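Bear in mind the structure is a predicted one, so any value in this text is a computation, not a measurement.
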Amino acid sequence: MILRLNRKAKLTIQEHYILGLVGSDLIVFIMTLALAVIELKQEVRLSPAFCDVLGISATVSANITAMIHTAMSIDRWVSVRFPIMYRSFKAETRSRSITITIIIVPFVCPVLVTYILLLYELIGFYFDIDIPFCVTETGRNGIFGLLVSISLFLILPLILQAFTNIDMLIIVNKLRGTNRTRMCNSIKTVVTTLGVLYLCWFAVLIWLLWEVATTSIPNGGFTYFAIRMILSNSGMSFPIYLKTLPQFKTKKVFY
């Protein structure tokens, strides 16, 4: 995917977001290698500090993905709701810098927030033998820290994504003819990507709500399934873009 986009002389705003998602996918790839090593060796020696590093990596990768998907949804919503303003913005030289800045924020903000919550013991990380990996748990003050993390990086992104996508569907439903077809093609990638994201996140959402409501975790089999589902989401990007973006199918577009 990186090689295909690298052939283009100039990337679109949406393609910058696609490359941004590659960063979180690389973190997940490293985590998956670590998981494979642990499972093959059937043992692991961890210090509390190293477990915190693994836990932060896992938490942050999911948060980055959620925030970039939200940025993609807002970007596409603006293009549909305010098309003239959006075209004018794309034509400006500063649009690329603004887009890159927006992409950098999801890589910085979750790390800072997660580290602060951990520093003040509002959340913690423990090694779950069913995954096997270090995952988030409630801190010394109960569920407050976990609620902050879930609200900022899961609930708020889901609300923004739901609002923007529902509004886009309402707008598209009112269109007719070629305008409707063109608009459907415009939002197809974002809608497909978010649909797959929700499917992969559904089990994890149940797991997190279970932990907040009962201060315990589901059984090992469900935990293993939920984590594997969210890890699988990182492998879905290329097939989605190959299916929904013409430039991924035709090499000549890149030259």
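- Criterion: ILVMFWY side-chain heavy atoms under 4.5 Å apart, direct or through other members. Under it, I143 and Y126 are part of a common hydrophobic cluster.
- Scored by the side-chain hydrogen bond (donor to acceptor under 3.5 Å, both in side chains) test, T70 finds Q161 as partners (sequence neighbours excluded).
- Follow the hydrophobic side-chain contacts under 4.5 Å out from M31 and you reach F127 in the same cluster.
- In this view, R94 and E92 satisfy the side-chain hydrogen bond (donor to acceptor under 3.5 Å, both in side chains) rule, not counting sequence neighbours.
- Nearest approach of S24 to S61, heavy atoms of both residues: CB-O, 3.8 Å.
- Contact annotation: the side chain of T136 approaches that of F125 to within less than 4.5 Å [non-hydrogen atoms, C-beta and beyond].
- In this structure the side chain of M229 reaches within 4.5 angstrom of the side chain of F225, judged on heavy atoms.
- Put simply, CZ on R81 and CD1 on I170 are 8.0 Å apart, with the number rounded to the nearest 0.5 Å.
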How far apart are the C-alpha atoms of L122 and V148, what are their side-chain angles, what is the distance that settles it, and do they pass the side chain to side chain contact (heavy atoms under 4.5 Å, CB included) test?
CA-CA 9 Å; L122 297 174; V148 170; over 6 Å; no

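- With sequence neighbours excluded, no residue forms a salt bridge (Lys or Arg N to Asp or Glu O under 4.0 Å) with E137.
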Side-chain polar contacts of residues 44-56 - donor-acceptor pairs under 3.5 angstrom, sequence neighbours left out - could you list them?
{"unit_1": "S47", "atom_1": "OG", "unit_2": "F50", "atom_2": "N", "d": "3.1"}

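- Between S73 and L160, the closest side-chain pair of non-hydrogen atoms is not below 4.5 Å.
- Between K90 and I13 the shortest side-chain heavy-atom distance falls below 4.5 Å.
- Distance CD1/I155 to CG/L205: 8.0 Å, rounded to 0.5 Å.
- Side-chain atoms of L21 and H69, non-hydrogen and from C-beta on, do get closer than 4.5 Å to each other.
- The two atoms that bring L152 and P157 nearest to each other are O-CD, 3.3 Å, heavy atoms only.
- Between L158 and Y198, the closest heavy-atom pair is CD2-CE2, 3.4 Å.
- If you chain together hydrophobic residues whose side chains sit under 4.5 Å apart, L26 and I30 never meet in one group.
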Carefully, step by step, assess D75 and Q14 under the rule side chain to side chain contact (heavy atoms under 4.5 Å, CB included).
CA-CA 8 Å; D75 174 82; Q14 283 287 310; 2.7 Å; yes

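- Taking CG from N63 and CD1 from I150, the interatomic distance works out to 10.0 Å, rounded to the nearest 0.5 Å.
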Side-chain donor-acceptor pairs under 3.5 Å in residues 97-121, sequence neighbours left out?
{"unit_1": "T99", "atom_1": "OG1", "unit_2": "S95", "atom_2": "O", "d": "2.8"}
{"unit_1": "T101", "atom_1": "OG1", "unit_2": "S97", "atom_2": "O", "d": "2.8"}
{"unit_1": "T114", "atom_1": "OG1", "unit_2": "P110", "atom_2": "O", "d": "2.7"}

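- For F222, there are no ring pair (Phe, Tyr, Trp, His ring centres under 6.0 Å) partners at least two apart in sequence or on another chain.
- Y224 and I206 are members of different hydrophobic clusters when ILVMFWY side chains are connected at heavy-atom separations under 4.5 Å.
- The shortest distance between side-chain heavy atoms of F89 and V78 does not fall below 4.5 Å.
- Under the 4.5 Å side-chain heavy-atom criterion for Ile, Leu, Val, Met, Phe, Trp and Tyr, M85 and I171 are members of the same hydrophobic cluster.
- Looking at S88, its side chain never comes within 3.5 Å of a backbone N or O of I84 through a donor-acceptor pair.
- Considering OG1 of T59 and CD1 of I64, their distance stands at 11.0 Å, rounded to 0.5 Å.
- Using a 4.5 Å heavy-atom cutoff, the side chains of P83 and R87 are in contact.
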